[in-house]
Participant: 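Below you will find the structure I want to go over with you.
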Amino acid sequence: TGAVALFGKWHNRTIDAAIKLVNEQRGINGRPVELVNSDDAQTKPDVGKDEFERLVTQKRVDFVIGSVFSGTNIATAPLAKALKTVYFPQGIATDISEKFGNRYVFKSYHTVRAAIEAAHEWVFAHLGKRFTIVHSVIDLGRSQAEDWSEKIRAAGGTVQLIPVPFPAPGDLFSIIQKIDLSKTDVLYHAFTAVETARFLQAAFDQNLQNRVKILGLIEGIDILSTAEPWLEGAYFISGYPRRADQVPEELRDFDREYRRRVGISAEGFAFDNPKEVVPIADLFGSWQAVFLLKHAAELVNWRSKSDNPALIQALEGLTMPASVGFPQGAQLLRAQDHLVFHDHYIERVEGGHLKVLARLPREKSLYKTNADYTKEEF
């Protein structure tokens with residue numbers, strides 16, 4: 001429930017589908033896997049902490065995947081270490097892996113910094129270096145503002161930052177008025193999906209789409225229909241194409257099976273509700289977490305939490321080829337900061353549909369990390 005409720009719903013469906021496939025493959029080391037759910041009650045990090053502890057101490061779970069809210073991830077990361085439980089948070093704030101991580105925390109999906117590292121050269125070359133960044137003050141938005149600002153200034157560009165309270169005010173006109181269009185090539189937005197819709201509609205009302213380039217991470221619209229006129233022409237950095245015909249040809253067999261099992265159409269809608277947009281670009285992080293756990297656990301013959309040190313060491317530096325378990329393509333789980341690196345895409349809304357303009361190989365997303373969790377004792 002809460003600000004990312006629809007994302008949570010689909011991450012749960014995705015993990016459930018992944019577990020069903022794992023159980024068809026004799027589970028993990030011959031033992032079936034069960035999904036146990038919990039809710040952080042309206043996206044509240046303090047409640048998330050309580051629920052994490054309840055999952056581990058009362059429901060006796062072996063591993064935790066999620067939440068999809070960065071604030072909850074940051075609040076619960078210390079518990080993973082304290083409770084010696086391997087944890088795959090699904091938020092994307094850079095601090096999850098760079099500042100608040102530990103030996104028990106792994107990211108099976110990009111962080112903000114990895115996405116920006118992958119895309120910044122393309123963005124500067126094709127869209128410009130003079131940015132106005134309008135962002136929510138929550139970790140998701142703050143992380144984007146900080147990481148983009150560093151890249152823009154290093155490239156000799158300029159940036160105007162306009163922070164917005166969370167939740168955003170009802171009238172966004174006053175926010176729009178702060179944008180200096182004479183110094184803006186790229187209007188970058190960093191909100192949750194509901195607030196992205198409100199902001200881009202307000203920008204459309206002021207004709208900004210015809211005056212600047214609109215850019216954001218796909219997470220900002222990943223549950224929204226791209227048929228809306230206020231999204232036409234907007235650019236997005238994504239980790240996975242929404243539409244099956246935009247997926248690289250060598251991955252399409254894996255993509256087809258992934259979509260079938262999770263319940264996602266070729267156009268990115270739910271099988272059981274053709275009007276419901278599925279946040280497919282987010283979901284492979286949860287899907288892949290299940291298969292990372294299965295692969296590493298079977299490498300070390302994991303039987304119980306007493307084997308977690310060996311499991312963690314198996315995960316550190318793990319590489320996985322493209323497969324149904326890794327439909328996004330070949331993966332690298334960097335040992336030092338426990339972050340998975342994968343391909344990225346530049347997508348643009350054209351004729352109401354997302355079209356891939358560029359595929360950015362995972363090597364472009366590799367950035368220098370200040371973390372090294374391999375030095376921590378268990």
Participant: Is Phe199 close to Phe204 at the side-chain level, that is, under 4.5 Å between some pair of heavy atoms?
Facilitator: no
Participant: Taking the side chain as every heavy atom from C-beta outward, state whether Ile237 and Leu215 have any pair of such atoms under 4.5 Å apart.
Facilitator: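 Yes, at least one pair of side-chain atoms sits under 4.5 Å.
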Participant: Below 4.0 angstrom, N of the basic side chain to O of the carboxylate: do Asp95 and Arg142 qualify?
Facilitator: yes
Participant: Classify the angle between the aromatic ring planes of Phe63 and Trp302 as parallel (below 30°), tilted (30 to 60°) or perpendicular (above 60°).
Facilitator: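 If you compare the ring of Phe63 with that of Trp302, the planes turn out tilted.
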Participant: Is the backbone of Pro279 close enough, under 3.5 Å, to the side chain of Arg242 for a donor and an acceptor to pair up by distance?
Facilitator: no
Participant: Looking at Glu316 and Arg334, does any basic side-chain N land under 4.0 Å from a carboxylate oxygen?
Facilitator: no
Participant: Between Lys305 and Thr85, does the side chain to side chain donor-acceptor pair (under 3.5 Å) criterion hold? Intermediate values first, please.
Facilitator: CA-CA 8 Å; Lys305 281 190 171 182; Thr85 300; 2.7 Å; yes
Participant: Ile346 and Ala119: which non-hydrogen atoms are nearest, and at how many Å?
Facilitator: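 Looking at all heavy atoms of both residues, the closest pair is CD1-CB, 3.9 Å.
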Participant: Are any of the side-chain heavy atoms of Thr76 and Val64 separated by less than 4.5 Å?
Facilitator: no
Participant: Quick one: list whatever passes side-chain hydrogen bond (donor to acceptor under 3.5 Å, both in side chains) with Arg153, sequence neighbours left out.
Facilitator: none
Participant: Is Glu24 salt-bridged to Arg261, going by a charged N under 4.0 Å from an acidic O?
Facilitator: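 Looking at Arg261 together with Glu24, the answer is yes, because their closest N to O distance falls below 4.0 Å.
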Participant: Taking 4.0 angstrom as the limit, do Asp46 and Lys44 come out as a salt bridge?
Facilitator: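 Not counted as a salt bridge, because no side-chain N and carboxylate O are separated by less than 4.0 Å.
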Participant: Atom CZ of Arg198 and atom CG of Asp171: how far apart are they, to the nearest 0.5 Å?
Facilitator: 8.5 Å
Participant: Heavy atoms, side chains only, cut-off 4.5 Å: are Leu181 and Leu208 in contact?
Facilitator: yes
Participant: I'd like to check Trp287 versus Gln328 (side-chain heavy atoms, cut-off strictly below 4.5 Å). Are they in contact?
Facilitator: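 Sidechains of Gln328 and Trp287: no contact.
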Participant: At their closest point, which heavy atom of Ser70 faces which heavy atom of Ile96, and how far apart are they?
Facilitator: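 Reported closest heavy-atom pair: OG-CD1, 3.8 Å.
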Participant: Are the side chain of Arg359 and the backbone of Pro248 linked by a donor-acceptor contact shorter than 3.5 Å?
Facilitator: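 Here the side-chain-to-backbone pair does not exist.
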Participant: Is it the case that the side chain of Arg113 and the backbone of Ser143 share a donor-acceptor pair, with hydrogens and angles ignored and the cut-off at 3.5 Å?
Facilitator: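 Judged by distance alone, no pair lies under 3.5 Å.
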Participant: Would you find a donor on one side and an acceptor on the other, under 3.5 Å apart, between the side chain of Arg130 and the backbone of Gly157?
Facilitator: no
Participant: Side chain to side chain donor-acceptor pair (under 3.5 Å), that's the test. Do Arg103 and Tyr373 meet it? Break it down for me.
Facilitator: CA-CA 5 Å; Arg103 195 119 194 223; Tyr373 300 123; over 6 Å; no
Participant: How close do Ala193 and Leu224 get, counting heavy atoms only, and between which atoms?
Facilitator: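 It is O-CD1, 3.7 Å.
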Participant: Would His342 and Phe284 count as a ring pair (Phe, Tyr, Trp, His ring centres under 6.0 Å) if you check the C-alpha gap in whole Å, the side-chain angles of each, and the deciding distance to 0.1 Å?
Facilitator: CA-CA 11 Å; His342 52 74; Phe284 71 86; 5.1 Å; yes
Participant: Is it true that Glu98 and Thr369 share a donor-acceptor pair across their side chains at a distance under 3.5 Å?
Facilitator: yes
Participant: When you measure from the side chain of Glu117 to the backbone N and O of Val112, does any donor-acceptor pair fall under 3.5 Å?
Facilitator: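 Side chain of Glu117 to backbone of Val112, a donor-acceptor pair under 3.5 Å: no, none is there.
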Participant: With a cut-off of 6.0 Å (strictly less than), are more than 12 heavy atoms of other residues, nucleotides or ligands near NZ of Lys364?
Facilitator: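 Count not over threshold, so no.
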Participant: Do His344 and His110 meet the criterion of a side-chain donor-acceptor pair at a distance under 3.5 Å?
Facilitator: yes
Participant: CD1/Ile280 to OG/Ser238 distance, rounded to the nearest 0.5 angstrom?
Facilitator: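 Going from the CD1 atom of Ile280 to the OG atom of Ser238 covers 10.0 Å.
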Participant: In terms of heavy-atom contacts, does CD of Glu150 have more than 12 from other residues, nucleotides or ligands at under 6.0 Å?
Facilitator: no
Participant: Using modelled atom types only, decide if a donor and an acceptor are shared between the side chain of Gln160 and the backbone of Phe131 within a distance under 3.5 Å.
Facilitator: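 Pair absent, no side-chain N/O of Gln160 close to backbone of Phe131.
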Participant: Taking all non-hydrogen atoms of both residues into account, name the closest pair between Trp10 and Ala270 and its distance.
Facilitator: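 Scanning both residues, the minimum pair turns out to be CZ2-CB, 3.5 Å.
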Participant: Would you find more than 12 non-hydrogen atoms of other residues, nucleotides or ligands less than 6.0 Å from Arg303 atom CZ?
Facilitator: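 Yes, because the 6.0 Å sphere around CZ of Arg303 holds more than 12 heavy atoms from other groups.
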Participant: Do Phe271 and Leu283 share a hydrophobic cluster, counting only Ile, Leu, Val, Met, Phe, Trp and Tyr and linking them when any side-chain heavy atoms are less than 4.5 Å apart?
Facilitator: no
Participant: Please report the shortest heavy-atom distance between Pro169 and Pro165, naming the atom on each side.
Facilitator: CD-CD, 4.2 Å
Participant: At what distance, to the nearest 0.5 angstrom, does CD1 of Ile65 lie from CG of Asn12?
Facilitator: 10.0 Å
Participant: Answer yes when Asp185 and Arg211 have at least one side-chain N-carboxylate O distance shorter than 4.0 Å, and no when they do not.
Facilitator: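 The answer is no: the pair does not qualify as a salt bridge.
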Participant: Taking the side chain as C-beta and beyond, is there a heavy-atom pair between Glu276 and Lys9 under 4.5 Å?
Facilitator: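 They are in side-chain contact.
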Participant: When rounded to the nearest 0.5 angstrom, what distance separates CG in Asp62 from CG in Asn308?
Facilitator: 8.0 Å
Participant: Judged by modelled atom types alone, do Asp147 and Thr94 share a side-chain donor-acceptor pair under 3.5 Å?
Facilitator: yes
Participant: Is there a side-chain contact between Pro32 and Ile19, using heavy atoms and a 4.5 Å cut-off?
Facilitator: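 Not touching, per the 4.5 Å side-chain cut-off.
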Participant: Salt bridge or not between Asp16 and Arg13? Use side-chain N to carboxylate O under 4.0 Å.
Facilitator: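 Looking at Arg13 together with Asp16, the answer is no, because their closest N to O distance does not fall below 4.0 Å.
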Participant: Using the side chain to side chain donor-acceptor pair (under 3.5 Å) rule, take Gln288 and Gln331 through it: C-alpha gap first, then chi angles, then the decisive distance, then the call.
Facilitator: CA-CA 10 Å; Gln288 292 180 164; Gln331 310 286 300; 3.1 Å; yes
Participant: Measuring from Leu354:CG to Glu267:CD, what's the distance to the nearest 0.5 Å?
Facilitator: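 It comes to 10.0 Å.
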Participant: Might you work through the side chain to side chain donor-acceptor pair (under 3.5 Å) test for Ser108 and Gln90, ending with a clear yes or no?
Facilitator: CA-CA 8 Å; Ser108 52; Gln90 295 300 314; 3.1 Å; yes
Participant: Which residues pass the side-chain hydrogen bond (donor to acceptor under 3.5 Å, both in side chains) test with Tyr367, not counting sequence neighbours?
Facilitator: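 Listed in chain order: nothing, the list is empty.
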Participant: Transitively linked via ILVMFWY side-chain contacts under 4.5 Å: Leu318 with Phe341?
Facilitator: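 Cluster IDs for Leu318 and Phe341 differ.
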Participant: Using a strict threshold of under 4.0 Å (side-chain N to carboxylate O), is an ion pair present between Glu249 and Arg252?
Facilitator: no
Participant: Rounded at 0.5 Å granularity, tell me how far CG in Leu315 sits from OH in Tyr104.
Facilitator: 12.5 Å
Participant: Do Phe166 and Thr192 make a side-chain contact, defined as non-hydrogen atoms from C-beta onward lying under 4.5 Å apart?
Facilitator: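 Answer yes - side chains close enough.
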Participant: Report the relative orientation of the aromatic rings in Phe52 and Tyr87; use parallel for angles under 30°, tilted for 30 to 60°, perpendicular for over 60°.
Facilitator: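 Perpendicular: the ring planes of Phe52 and Tyr87 meet at over 60°.
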Participant: Main chain of Glu232, side chain of Glu350: is a donor-acceptor contact present, judged purely on distance under 3.5 Å?
Facilitator: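 No.
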Participant: Looking at Lys81 and Glu376, is any side-chain nitrogen of the basic one under 4.0 Å from a carboxylate oxygen of the acidic one?
Facilitator: yes
Participant: Please check if the side chain of Gln58 supplies one atom and the backbone of Arg54 the other of a donor-acceptor pair under 3.5 Å.
Facilitator: no
Participant: Which pair of non-hydrogen atoms, one from Asn73 and one from Pro89, has the smallest distance, and what is that distance?
Facilitator: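 Where Asn73 meets Pro89 most closely, the heavy atoms are CG-CB, 3.3 Å.
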Participant: Any donor and acceptor pair, going by atom type alone, linking the side chain of Thr43 with main-chain N or O of Thr1 inside 3.5 Å?
Facilitator: yes
Participant: Could you check whether Tyr188 and Gln144, counting side-chain N and O atoms only, form a donor-acceptor pair closer than 3.5 Å?
Facilitator: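 Judged by distance alone, the side chains do pair up.
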Participant: For Phe106, enumerate each residue passing the ring pair (Phe, Tyr, Trp, His ring centres under 6.0 Å) test, keeping only those at least two apart in sequence or located in another chain.
Facilitator: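 By the ring pair (Phe, Tyr, Trp, His ring centres under 6.0 Å) rule, Phe106 matches Phe88, His338.
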Participant: Indicate yes or no for a side-chain donor-acceptor contact from Thr132 to the backbone of Thr184 under 3.5 Å, with no hydrogens or angles considered.
Facilitator: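 No, the answer is negative, given that no donor and acceptor are paired below the 3.5 Å cut-off.
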